[in-house]
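First the structure, in the form of structure tokens, and then the observations on it.
Since the structure is predicted, the reported quantities are computational estimates derived from the model, not experimental observations.
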Amino acid sequence: MPAASADEYGSCQIQELRNLSIPIIGTEEVLDVQPDHFVLTHSEGCWQLFPPKGIDIFGRHSLCIDFVQNARFNQPMALREPLAKAAGLRANRRPMVIDLTAGLGRDAWALASTGSTVFAFERHPLIHFLLSDALMRARLDSKTHDIASRIHLYGSDARAVWPDTIKPDEHTVWLMDPMFPERQKSALVKKDMRIFHELVGADADADALFAWARRQPANRYVVKRPPHAPALAGAVPAMSISSGRVRFDCYIKPAASLSQ
């Protein structure tokens, strides 16, 4: 979403809420009753998504995307971090990044924190709404304004609606984090991610999206994967950078193909 004033965004929120077709209830109702379906509530200055009652893996905590309250989001990502290395960031190199699967926005935020401009796409309408809300609040806070202003969020599949203002070139980095099957309700998976998995499901067209992206101008493509998962679409990466629970597969655009 391009930058907008708080009033303009308020109008956009109202329209998005109408399109979501999800119940909106008061905080007290959630805490006292907690319905047997997902509900939205506005509390403590942000929109929160509460899961259905009686499903232990979700708990009773809400999914709320926030970049303001957690101090770790106020600081730039170090260039020694695996994601920064995978994106090819250097002291004097901050490429444009196109994030095709923004999700909860954490990778887009990390890359924007280094100074890169990030164009992020999230096609799930409810996740897009929560992320839009988080970015707007971050733009209004002095600690996070600069980072949030470098992220431009779009609520669509990039293949279906491509903004004319985004012009990738031979320096562009493309990022994908396709949804993969969740580990068997492991305690290592945080409850907000369990809710996210439940909402989004599997990205059945991840291979097709990856194939489309690789036909676009680029310097490299970065695909985030579980440590032991096969490479996306069976493509052999030029290199992989592992970090605990994730692996970044990097595909370098061949020089001969940049003019095609």
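- Pairing each heavy atom of A148 with each of A138, the nearest pair is CB-CB, 3.6 Å.
- The minimum heavy-atom distance between V222 and A86, with the atom names listed, is CG2-O, 3.4 Å.
- Partners of D99 by salt bridge (charged side-chain N to carboxylate O under 4.0 Å, His left out), not counting sequence neighbours: none found.
- Interatomic distance, CG of L135 versus CD1 of I65, reported as 8.0 Å (0.5 Å rounding).
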Open item on the list: For a side chain to side chain contact (heavy atoms under 4.5 Å, CB included) check, start with the C-alpha distance between E170 and N219, then their side-chain angles and the critical distance, and finish with the verdict.
Closed with: CA-CA 5 Å; E170 68 272 15; N219 171 265; over 6 Å; no
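- Here CG of N74 is found 11.5 Å from CG of D146. Values are rounded to the nearest 0.5 Å.
- Below 30°, between 30° and 60°, or above 60°: for W109 and F73 the angle between ring planes is above 60°, a perpendicular geometry.
- In terms of heavy-atom proximity, P95 sits nearest to A87 at CG-O, 4.3 Å.
- Counting heavy atoms from C-beta outward, P237 and C250 have side chains that stay 4.5 Å or more apart.
- Side-chain atoms of D207 and L232, non-hydrogen and from C-beta on, do get closer than 4.5 Å to each other.
- In this structure, the side chain of S149 engages the main chain of H145 through a donor-acceptor pair within 3.5 Å.
- Defined by atom type and a distance below 3.5 Å, a donor-acceptor pair is missing between the side-chain atoms of T101 and D177.
- The distance from atom NE2 of H128 to atom CG of L20, rounded to the nearest 0.5 Å, is 10.0 Å.
- F129 and I24 fall within a single hydrophobic cluster, where Ile, Leu, Val, Met, Phe, Trp and Tyr side chains are chained together by heavy-atom contacts under 4.5 Å.
- A donor-acceptor pair under 3.5 Å is absent between the side-chain atoms of W174 and the main chain of Q216, judged by distance alone.
- In this structure, R94 contributes its side chain and L111 its backbone to no donor-acceptor pair below 3.5 Å.
- Under the 3.5 Å distance criterion, the side-chain polar atoms of R225 are left unmatched by any main-chain donor or acceptor of R247.
- Residues F38 and I22 share a closest heavy-atom pair of O-CG1, 3.7 Å.
- Checked against a 6.0 Å centroid threshold, the rings of Y154 and W162 do not count as neighbours.
- Here the two rings, on Y221 and Y251, have centers that are 6.0 Å apart or farther.
- No side-chain heavy atom of P226 sits less than 4.5 Å from a side-chain heavy atom of H228.
- Residues passing the salt bridge (charged side-chain N to carboxylate O under 4.0 Å, His left out) test with R137 are D66, D133, sequence neighbours excluded.
- Between the CZ atom in F67 and the CG atom in D141 there is a gap of 13.0 Å [rounded to 0.5 Å].
- A distance of 11.0 Å separates CD1 of I151 from OG of S132, quoted to the nearest 0.5 Å.
- The shortest distance between side-chain heavy atoms of I98 and P168 falls below 4.5 Å.
- Using a 4.5 Å cut-off between side-chain heavy atoms of Ile, Leu, Val, Met, Phe, Trp and Tyr, with links allowed through other members, V246 and L79 fall into the same hydrophobic cluster.
- In this structure, F248 has no ring-ring contact (aromatic ring centres under 6.0 Å, His included) partners at least two apart in sequence or on a different chain.
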TODO: Give the C-alpha distance, both sets of side-chain angles, the deciding distance and a yes or no for side chain to side chain contact (heavy atoms under 4.5 Å, CB included) between S156 and F121.
DONE: CA-CA 6 Å; S156 63; F121 293 83; 3.9 Å; yes
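- Scored by the side-chain hydrogen bond (donor to acceptor under 3.5 Å, both in side chains) test, H171 finds no partners at all (sequence neighbours excluded).
- A donor-acceptor contact shorter than 3.5 Å is absent between the side chain of Q48 and the backbone of H42.
- Note: the hydrophobic cluster containing V68 does not contain M136 (ILVMFWY, side chain heavy atoms under 4.5 Å, direct or indirect links).
- Side chain of E122 to main chain of H124: a donor-acceptor pair is present (N/O by atom type, distance under 3.5 Å, no hydrogens or angles).
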- [ ] Mind running side chain to side chain contact (heavy atoms under 4.5 Å, CB included) on V118 and R150 for me, showing each step along the way?
- [x] CA-CA 6 Å; V118 180; R150 286 191 286 270; over 6 Å; no
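- A continuous path of Ile, Leu, Val, Met, Phe, Trp and Tyr side chains, each step under 4.5 Å between heavy atoms, connects W212 with M96, placing both in one hydrophobic cluster.
- Residues L83 and V97 share a single hydrophobic cluster, defined by chaining ILVMFWY side chains whose heavy atoms lie under 4.5 Å apart.
- Here the side chain of S62 pairs no donor or acceptor atom with the backbone of L49 at under 3.5 angstrom.
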Task: Full working for side chain to side chain contact (heavy atoms under 4.5 Å, CB included) between L100 and L175 - done: CA-CA 6 Å; L100 294 173; L175 175 65; over 6 Å; no
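- When all heavy atoms are compared, the tightest approach of K85 to R220 is O-NH1, 3.8 Å.
- In this structure, the side chain of D249 does not engage the main chain of V223 through any donor-acceptor pair within 3.5 Å.
- Applying the side-chain hydrogen bond (donor to acceptor under 3.5 Å, both in side chains) criterion to T172, with sequence neighbours excluded, gives D169.
- Scanning both residues, L131 and A102, for their nearest heavy atoms gives CD2-CB, 4.0 Å.
- Under the 3.5 Å distance criterion, the side-chain polar atoms of K253 are matched with a main-chain donor or acceptor of R214.
- Every residue two or more places apart in sequence or in another chain that forms a side-chain hydrogen bond (donor to acceptor under 3.5 Å, both in side chains) with R159 is listed here: D157, D205.
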